[in-house]
Amino acid sequence: MLRQAKACPIIRSDFCAAVILKVPVFHSIEKQVADAFHAHIQVRYGVDLSVTIEQPRQSDFGEIAVPAAFQLAKRLRQAPKKIAAELAAEIGPIPGVAALEVAGNGYINLRLDRGAYAAALLRGEEEGMSAAGGKIIVEHTNINPNKAAHIGHLRNATLGDTFVRMLRASGAQVEVQNYIDNTGVQVADVVVGFHFLEHKTTADVEALLADPAVRFDYYCWDLYAHTSSYYKEQPESLAWRSETLHAIEAGEGELARMAHLVADAVVQAHLKTMLRLDVEYDVLPRESEILHLQFWAAAFEQLKQRKAIYLESEGKNAGCWVMPGLSEEGKVIVRSNGTVTYVGKDIAYQLWKFGLLGKDFHYRPLMTYADGRVLWVSTDTPTAGEHHFGNGSRVYNVIDARQSYLQDVVAAGLRGLGYAAQAEQSIHFSYEMVALSPRCCADLGIPLSEEDRQRPYVEVSGRKGLGVKADDLMDNLIAKALAEVDARHVEKPAAERQRVAEQIAIGALRYFLLKFTRTSVIAFDLQEALSFEGETGPYVQYAAVRARNILRKLEERGETLPDFAAELSAEALGRQLQSEDFWQVLLAASKVDSALDGALSAGEPAHVARYAFQLAQAFNNFYHQYPILQEESREKKVFLLWMTDFFRRQLERTAGILGIQIPEYM
RNA sequence: GCGCCCGUAGCUCAGUUGGAUAGAGCGGCUGGCUUCGAACCAGUAGGCCGGGGGUUCGAGUCCCUCCGGGCGCACCA
């Protein structure tokens, strides 16, 4: 098989080659330790060992563990413990390291010089260089514009958007694409519903759109389900679908006009829905332009010329253009009637993303986001001041795991064309689906068949109209958050409370969707999603709000934030950090970049989420145990304030990577 | 039939790419609001990591096999 889902072909060492990461304090000490051991082992034993660094199991073992003795034991035919003792005795001083000891069967545990470490953080040495490699394209969301978005789409968008934020935080140049299939069967089915089932004209649909009482994407949600079930009952009605598809493809007539009207309106609804989650895009490449600008024709030529596909003369695929290699009979790319399959178009689109097609879209601005970012959409006619998109050096397609076979075909297409390097950089950022537990369906009043009731979970299905709409879920979350805010802050202006409730609700939702690893099927549970306690977004937000409260209260009492650098010497920091509690909070808070780095190489936004939670947990503990504003000792108070401020900045940065805002109050 | 994913505490999930005594949240039980607001904190119970083989100094993690569940494998998109 081409794809290795478990192995996550995301990024390892090659990623670091493309993007030079920040060099935070902890990282640089780790590197110095590894280098020191590597050099010493080379001289002492004549072994070129790749020294790995670990985190000790327990925090009281120190901050860095080196298991090199285990790796050497076999080659030297000596006991790990003996080698560890030799290494520990002979390695000599390492900058930033205060002590080192042998533990267990041969671990070498290192303790950092706490005062020096904190002083480096205080001086802001964690700010390092960052430089970009080539452009990275991330494609996500990709919802068929024929109905309202549901929770499955939210998982896609949240994963994609967070991964984009992770890449950008590490210094990468990223372009976000959201592909719009505005000419496909799903749009056609809704048009069939309007035209043939409801006998509506384009003007009727326009009236529907103008009616403020109608949520158009919701209307289409029901209509799509209706049309789908009608096909089942009256299979001959499928002829309506073909007729509509042909009209759309030809781009002429009432049905085509209606299709554009519907698709454009639903795209607007999706953009609005996603904006509630703080998800933004750079460009919307549309299927209609892929069609009109003949992207497929260009790709077809390349595929034929380079013999990536062949015209089958016999067997069940006779008369089709087939791509060999993926299965015994190959994958049909062009049907015997001459029309191209979905994957064929996808290969053309993927070629464009890498700048390999020899064609480009034209673009026009669609809207401007609040932060000034302009969203562009593809068009088939040239415009003034033309922008350019695509031409990436690496492409992540955020698409659920059910489509992994098709993603394999796309990569195989690139490989067949001789673009092995680009095939390697075509990454299917896959994730498992969001399903509904039977209990959840019962809670939501979704009727289930007897068969479905026996299952562990039920797939969301747009066709069946089965699912939780994204906007409904958000409305639900906001209402619940608002009730909590109202209970605590009646004195605040209503509009402000609403804003805070929205931030909390979105924080809860994004965190909920991110805390699962990508390979885990989310069996959606409404109660769990609506929770604001425990491992949730609001928990993380609350910790940051508490930190801010301390600093605000300080000023309310007429004090000002001390000049930390002037008041806290390395000695003072070292003195205060003799407290294990303080040291652990500071250490945890200093590892944002380590956590980000690990999450990027694993391709797991969930790792960032988990780090944020652990950080919040450490702070909540700290907060509870040590009153800061009442502290008598000046040195300790200044130190605690610095810790609070440092924590606040680090947690806000982490939350920002997750797309979670910190409210003014909670 | 073939391919991929999952199986870890009552429930939902982590497990740093093979390391030290397997963790968190929820739920259960016990305790803590006159403090920088408890959307919080502390304590406690709860485990044959689906079963069986193997590789290794060392396995929840890698290999084989079996069991159970899910998802793919169209001239649909």
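This one's a predicted model, so the numbers in the text were calculated from it and none came from an experiment.
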* Describe, in one word, how the ring planes of A:Tyr665 and A:His489 are oriented to each other, choosing from parallel (under 30°), tilted (30 to 60°) and perpendicular (over 60°). => tilted
* Give the rounded distance in Å between these two atoms: CZ of A:Arg402 and P of B:C6. => 16 Å
* Asked: What does A:Pro80 touch in the nucleic acid at a heavy-atom separation under 4.0 angstrom: a base, only the sugar-phosphate, or nothing?
  -> nothing
* Asked: Does A:Tyr539 have a side-chain nitrogen or oxygen under 4.0 Å from the phosphate oxygens OP1 or OP2 of B:A38?
  -> no
* For A:Phe532, report the nucleic acid contact type (base, sugar-phosphate, nothing); a contact means any heavy atom under 4.0 Å. => base
* To do: Please state whether the rings of A:Trp296 and A:Phe300 are parallel, tilted or perpendicular, taking 30° and 60° as the class boundaries.
  => parallel
* Asked: Which is true for A:Leu554 with a 4.0 Å heavy-atom rule: it touches a base, it touches only sugar-phosphate, or it touches nothing?
  -> nothing
* What nucleic acid atoms does A:Ala318 come within less than 4.0 Å of, heavy atoms only: base, sugar-phosphate, or nothing? -> base
* Answer with base, sugar-phosphate or nothing: what part of the nucleic acid does A:Ala595 contact at a heavy-atom distance below 4.0 Å? => nothing
* Nearest-Å distance, CD (A:Gln541) to P (B:G37)? -> 18 Å
* Looking at A:Phe582 versus A:Tyr626, is the centre-to-centre ring distance below 6.0 Å? -> yes
* **Nucleotide B:C40, atom C1' - distance to CD1 of A:Ile550 in whole Å** => 13 Å
* To do: Describe the nucleic acid contact of A:Tyr457 in one word from base, sugar-phosphate, nothing, applying a heavy-atom distance below 4.0 Å.
  => sugar-phosphate
* B:U56, syn or anti by chi within 90 degrees of zero -> anti
* Do you know which two heavy atoms are closest between A:Leu658 and A:Arg510, and how far apart they sit? -> O-NE, 2.9 Å
* Atom OH of A:Tyr405 to atom C1' of B:C73: distance rounded to whole Å? -> 7 Å
* Round to the nearest Å and state the distance from A:Met433 atom CE to B:C6 atom P. => 14 Å
* Asked: Once you round it to whole Å, what is the distance between P of B:G37 and CD of A:Glu533?
  -> 18 Å
